[in-house]
Amino acid sequence: MRPMAPARWEDVVLGVLLLIIGVPRAIIAVTQDRPLGTEGTLSLACVVLALALLVHRSQRRSRTAPRL
């Protein structure tokens, strides 16, 4: 296996910004009458994308971290 390049910090910033924007909108959409409308679906997709970015980054970091 070839070594993976470390993830750029922009991935973390993008993930955090998506969470800041998506979580409140997802909560509002779920608590309203129609949680599966356009706004609810898009906000939940933003939250899932942000979590996927952050999980992928943490997995890459744990793989490339030096072992003791």
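All values derive from a computational prediction rather than experimental measurement.
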What's in the same ILVMFWY side-chain cluster as I28, cut-off under 4.5 Å, chained through other members? none
What is the distance from atom CG of L54 to atom CG of L14, rounded to the nearest 0.5 Å? 9.0 Å
I need the L49 CG to L44 CG distance, nearest 0.5 Å. 12.5 Å
Contacts table for residues 17-25: side-chain donor-acceptor under 3.5 angstrom, sequence neighbours left out:
residue: R25; atom: NE; partner: E39; partner atom: OE2; Å: 3.4
residue: R25; atom: NH2; partner: E39; partner atom: OE2; Å: 2.6

Contact list for residues 44-54, test side chain to side chain donor-acceptor pair (under 3.5 Å), sequence neighbours left out: none
Residues pairing under salt bridge (Lys or Arg N to Asp or Glu O under 4.0 Å) where one sits in residues 42-51, two or more places apart or in two chains, turn out to be none
Determine the minimum heavy-atom distance between G40 and A29, stating which atoms define it. CA-CB, 3.4 Å
Path from L51 to V16 over hydrophobic side-chain contacts below 4.5 Å: yes
